[in-house]
Q: 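Below you'll find the structure I mean.
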Amino acid sequence: MSGYLAFPLAAVISGFASGMSCIVPGGGIFFPGLLFGIAVLFAVHNAAESCHPAMATIVVLFSLVGYWIACITTLLSIRLFGGGNNIASDAMGQTLAGGVGASIIAIGLAISCRSFRSFNFVALTAAAGAVCGAVCGLLVYLHDNAHLPHPLDFILTYVIWQVGVASVMPFAKKKQLPGGKNGVVIQSGLLMK
């Protein structure tokens, strides 16, 4: 399966399941991080390379920790940016949280899988997380002020963020040049020896 299809498809499923998990008491603490890590592993396995079980565990753990740190970043940024229900503080807080969460899972994937070991991969994934976080911040503002119904607000935010982050991952991975016996790889569009 093509990575350009596997990553967003897996993320749509995990994003929907993550949003639904938040209506289960205590589900929002663990499931979104675990489900996204498993979705990324599924996409990596189908589109890039197989991960050793120990390396797969690292990806899932980094996803879970990234989710927790993103939640903490959100709470801290609410205090930092005034703590109000205004569009600027919601967008800025979610931008920071989205970028932090995405960078942590990208680091876990870079540690675990050779195809993703590059600074460009981590940077592009973190940037995608920040942009998608800003969009989610706008949804949080709409929920707070226009009263989007539960769990629609959770489903939308998780699907948007997870699909956005997962969709850039195949674009940033290393690719072996056809017939490249000299160890030449393409790294995010740049030739490197």
Side-chain angles (χ1 to χ4, degrees), residues 7-8 10-41 43 56-112 122-169:
F7 280 88
V12 165
I13 294 166
S14 73
F16 182 80
S18 294
M20 292 302 292
S21 74
C22 290
I23 63 174
V24 176
I29 297 171
F30 296 100
F31 288 121
L34 291 174
L35 292 169
F36 187 57
I38 292 167
V40 168
L41 278 175
T57 302
I58 289 173
V59 173
V60 174
L61 285 176
F62 269 68
S63 179
L64 181 59
V65 170
Y67 173 66
W68 287 339
I69 292 175
C71 291
I72 292 168
T73 302
T74 300
L75 296 173
L76 292 176
S77 64
I78 288 170
R79 303 283 306 236
L80 179 67
F81 296 120
N85 268 343
N86 62 60
I87 198 164
S89 67
D90 286 346
M92 290 175 73
Q94 294 297 321
T95 299
L96 287 173
V100 167
S103 64
I104 292 171
I105 191 166
I107 290 168
L109 195 54
I111 290 169
S112 303
V122 175
L124 183 62
T125 304
V131 169
C132 293
V135 173
C136 291
L138 297 175
L139 283 173
V140 168
Y141 176 77
L142 286 175
H143 167 69
D144 291 345
N145 294 288
H147 307 293
L148 286 174
H150 280 305
L152 180 62
D153 56 338
F154 286 132
I155 293 170
L156 286 174
T157 54
Y158 283 113
V159 168
I160 288 169
W161 188 86
Q162 290 184 13
V163 170
V165 170
S167 294
V168 301
M169 289 179 172

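All residue numbers refer to positions in the sequence shown, counting from 1. All values reported here derive from a predicted model rather than from experimental measurement.
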Q: Starting at OG1 of T73, measure out to CH2 of W68 and round the result to the nearest 0.5 Å.
A: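 Taking OG1 in T73 and CH2 in W68, the distance rounds to 14.0 Å.
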
Q: Could you pull out the closest heavy-atom pair between A11 and A166, with the gap in Å?
A: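 Scanning both residues completely, I find the closest heavy atoms to be CB-CB, 3.6 Å.
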
Q: Quick one: does any side-chain atom of S167 pair with a main-chain N or O of G164 as donor and acceptor, under 3.5 Å?
A: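 It does not hold such a pair.
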
Q: Using modelled atom types only, decide if a donor and an acceptor are shared between the side chain of Q162 and the backbone of G15 within a distance under 3.5 Å.
A: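 It does hold such a pair.
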
Q: Could you grab the distance from atom CZ of F30 to atom OG of S21, nearest 0.5 Å is fine?
A: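 Output value for this atom pair is 11.5 Å.
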
Q: Tell me, do S18 and Y67 make a side-chain contact under 4.5 Å, heavy atoms counted?
A: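 A side-chain contact under 4.5 Å is absent here.
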
Q: Hey, could you give me the CG/CD1 distance between L64 and I105, rounded to the nearest 0.5 Å?
A: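 Answer for the CG-CD1 pair, L64 versus I105, is 10.0 Å.
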
Q: Quick check: do F36 and V165 have side-chain heavy atoms less than 4.5 Å from each other?
A: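 Yes, their side chains come closer than 4.5 Å.
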
Q: Quick one: pull up OH in Y158 and OG in S14 and give me the separation to the nearest 0.5 Å.
A: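 Answer for the OH-OG pair, Y158 versus S14, is 11.0 Å.
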
Q: Using a 3.5 Å distance criterion without hydrogens, assess whether the side chain of T74 forms a donor-acceptor pair with backbone atoms of Q94.
A: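 Not at all, since once roles are kept as given, no pair shorter than 3.5 Å links the two residues.
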
Q: Can you measure from CG (L152) to CG (L139) and round to the nearest 0.5 angstrom?
A: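 Here the rounded value is 9.0 Å.
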
Q: Would the distance check show the side chain of S103 and the main-chain N or O of V100 forming a donor-acceptor pair, the cut-off being under 3.5 Å?
A: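 The answer is yes, because a donor-acceptor pair under 3.5 Å joins these two groups.
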
Q: Do L138 and D90 have side-chain heavy atoms sitting under 4.5 Å apart?
A: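 No. Closest side-chain heavy atoms not under 4.5 Å.
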
Q: Can you confirm whether L109 sits close enough to M169 that some side-chain heavy atom of one is under 4.5 Å from a side-chain heavy atom of the other?
A: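 Sidechains of M169 and L109: in contact.
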
Q: Could you report the tightest heavy-atom contact between W161 and G129, atom names first, then the distance?
A: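 Between these two residues, the closest heavy atoms are NE1-O, 3.2 Å.
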
Q: Drop me the distance from F62's CZ to I104's CD1, to the nearest 0.5 angstrom.
A: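 Reported value, rounded in 0.5 Å steps: 8.5 Å.
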
Q: Please tell me if the side chains of D153 and T157 come closer than 4.5 Å, counting only heavy atoms from C-beta onward.
A: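 No, side chains not in contact.
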
Q: Which of these, V59, V60, I107, T57, sits in a side-chain contact (heavy atoms from CB on, under 4.5 Å) with S112?
A: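 Of the listed options, the one satisfying the test is V59.
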
